[in-house]
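One structure, as structure tokens, below. Some questions next.
For reference, positions follow the sequence shown, starting with 1. Here the structure is a predicted model, which is why all the values come from computation and not from measurement.
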Amino acid sequence: MFNKQTLRDFDLKGKKVLLRVDFNVPLNSNLQITNDKRIRETLPTLNYLIEQGAKIIIVSHLGRPEGKVKPEFSLKPVAERLRELLKRPVILTGDVAGPETFKFVRAMKDGDIVMMENVRFDPGEEENDTEFAKKLASLADIYCNDAFGTMHRAHASTTKVAEFLPSCAGLLVEKELEVLGSALENPKRPFVVIVGGAKVKDKIGLISRLIEVADVVMIGGAMAYTFLRAQGNNVGKSIVEKDKLQLARLLIEKAEKQNVKFVLPVDHVVTGEFNFSAESVITSTKKFPRTGIGMDIGPKTIKLFTHYISRAKTIFWNGPLGVSEFQKFAKGTNEVAMAIANSKAYTIVGGGDSAKSIEQLNLQNKINHVSTGGGAALKLIEGVPLPGLQAISEKL
Ligand code: AMP
């Protein structure tokens, strides 16, 4: 259960709030924002702070400038979009907790917003440096973390800074923790889980944990080939993590022991090369060509997956079921996304590429919760402590 202090536990009038957000939005080559979801998701917190008369000092990272000032990672486009969305001034300072930031912060009135430049321009950020964290803290009275997508990182502005200020979670973080934490504690059944993506290695803990709570676990994407191979199937030249075969077997056994249905693809869209326009054929798992590469789940698998989805009362989905960046091999992912959106179950999509697919298909309003955090969401479900969350004070 959620036992951390939240913004509602503080009297915010006239207080300087150091607000860590995750405005790490995608930019095109002209440095224009191609998806502003991460900015829009923090509007409830920002509006709440404005209504309460706080002075808001925004801290965010953007991309990976690796501790150096790189103009292409400037938060300029973000500040501009935020002004449009809030319809109020947002001052972007030219430094990271430097003299210019301090100057603007000193002049703030209640409800004002000052945003410092990309916090990752300072090497102290990713080093979780104490002196840098102290400098950030000295700007404000209260620290609020609303950067759910970054909570699995122990950085100065997500973790260390909380040692030097009273701290709390923002409204977005609160929502994420409530949904991801509690939905899995007592799910309505059948609870159906779909996990795809590139590597078993990245999702072992997640799958293992989900086997403990779900009724059906369905696997697609490249990782399915490691499981299929572990069962003794030929999967041609599809990606197989040879060092994870034993582990894949153990997960299948665990599912059997727990009476959880573990569903693997029964057919595939197979090509001779890894290419966006490669010729493809559909084959069953049994007849997988010796030199073929599995690029997507086949029509029978889509039918099988959507059958379980249609009977579910709770659904959790993470990871594409094929190479969904290539239009030709996105069918499995898209069909499953649509089936989830059309189901009457309580539906949760765990960030990353699956969240992107939901947005591209414009299905976000038909999903109960699309998480803003890929890695953070998966770690939370897995039960791995998030440093950013641990750092926030517990409720008094
Ligand atoms: P993840 O970050 O683990 O969710 O993995 C996402 C990546 O998995 C995407 O880049 C997909 O292209 C990739 N992927 C999914 N299915 C396949 C496949 N059959 N073969 C190769 N890569 C795949």
Will you find, in the side chains of Thr45 and Asp146, an N or O donor that is under 3.5 Å from an N or O acceptor?
->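 A donor-acceptor contact under 3.5 Å links the two side chains.
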Enclosure of Lys203 NZ (heavy-atom neighbours >12, cutoff 6.0 Å) |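 It does: Lys203 NZ has more than 12 such atoms within range.
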Would you say the side chains of Thr93 and Glu117 form a donor-acceptor pair under 3.5 Å?
->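 No, no side-chain donor-acceptor pair sits under 3.5 Å.
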Check whether the side chains of Gln5 and Ser167 place a donor and an acceptor atom closer than 3.5 Å, and report yes or no.
->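 No - no donor-acceptor pair under 3.5 Å links their side chains.
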Supply the members, apart from Val370, of the Ile/Leu/Val/Met/Phe/Trp/Tyr cluster built from side-chain contacts under 4.5 Å; use none for a lone residue.
->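 Once heavy-atom contacts under 4.5 Å are chained together, Val370 belongs with Val192, Ile194, Val216, Met218, Val263, Val266, Ile297, Ile302, Leu304, Phe305, Tyr308, Ile309, Ile315, Trp317, Leu321, Val336, Met338, Ile340, Val349, Ile358, Leu361, Leu363, Ile367.
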Is the NZ atom of Lys15 crowded by more than 12 outside heavy atoms at less than 6.0 Å?
->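 Yes.
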Would Arg153 and Thr158 count as having a side-chain donor-acceptor pair, cut-off 3.5 Å?
->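 Absent: no donor and acceptor within the cut-off.
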Are Asn28 and Thr34 close enough that a side-chain donor and a side-chain acceptor fall under 3.5 Å?
->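 Absent: no donor and acceptor within the cut-off.
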Please confirm whether the backbone N or O of Arg189 pairs with a side-chain atom of Thr314, one donor and one acceptor, at under 3.5 Å?
->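 No.
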Does Lys87 offer a backbone N or O that forms a donor-acceptor pair with the side chain of Arg83 under 3.5 Å?
->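 Answer holds: no.
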Could you tell me whether the side chain of Leu86 reaches within less than 4.5 Å of the side chain of Ile50, counting heavy atoms only?
->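 Yes, their side chains come closer than 4.5 Å.
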Between the main-chain N or O of Thr101 and the side-chain N or O of Asp95, is there a donor-acceptor pair closer than 3.5 Å?
->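 Confirmed, Asp95 side chain pairs with Thr101 backbone.
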Going by atom types only, do Glu335 and Thr306 share a side-chain donor-acceptor pair under 3.5 Å?
->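 Checked: Glu335/Thr306 side chains show no N/O donor-acceptor pair below 3.5 Å.
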Taking atom CD of Glu72 as the centre, report whether more than 12 heavy atoms of other residues, nucleotides or ligands fall under 6.0 Å from it.
->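 Enclosed: over 12 neighbouring heavy atoms sit under 6.0 Å from CD of Glu72.
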Please work out which of the three classes, parallel, tilted or perpendicular, describes the rings of Tyr225 and His268, given edges at 30° and 60°.
->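 Ring orientation, 0 to 90° scale: tilted.
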From the options Lys257, Glu256, Lys254, select the one residue that forms a side-chain contact (heavy atoms from CB on, under 4.5 Å) with Ile211.
->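 Exactly one option meets the side-chain contact (heavy atoms from CB on, under 4.5 Å) with Ile211, and it is Lys254.
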Atom NZ of Lys37: over 12 foreign heavy atoms under 6.0 Å =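 Enclosed.
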Student check: side-chain heavy atoms of Ser371 and Leu180 closer than 4.5 Å =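 Contact flag for Ser371/Leu180 side chains = yes.
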Within-4.5 Å side-chain heavy-atom neighbours: Glu253 and Leu250 |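 Side-chain contact under 4.5 Å: yes.
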Crowding at NZ, Lys188 (>12 non-hydrogen neighbours, <6.0 Å) |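 No, NZ of Lys188 has 12 or fewer neighbouring heavy atoms, counting only those of other groups under 6.0 Å.
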Would you check if there is a donor-acceptor pair between the side chains of Gln360 and Asn362 at a distance under 3.5 Å?
->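 No, because no side-chain N or O of Asn362 sits under 3.5 Å from a partner of the opposite role on Gln360.
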Apart from Val96 itself, residues in the same hydrophobic cluster as defined by side-chain heavy atoms under 4.5 Å |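 Leu18, Ile57, Val59, Val69, Phe73, Ile91, Phe102, Phe104, Val105, Met108, Val114, Met116, Val119, Phe121, Phe132, Leu136, Leu139, Tyr143, Val161, Leu165, all in the cluster of Val96.
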Indicate if Leu31 and Leu62 have the same hydrophobic cluster label, given that clusters are the connected sets of ILVMFWY residues with side-chain heavy-atom separations under 4.5 angstrom.
->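 Yes; tracing contacts between hydrophobic side chains, which count when under 4.5 Å, links both residues.
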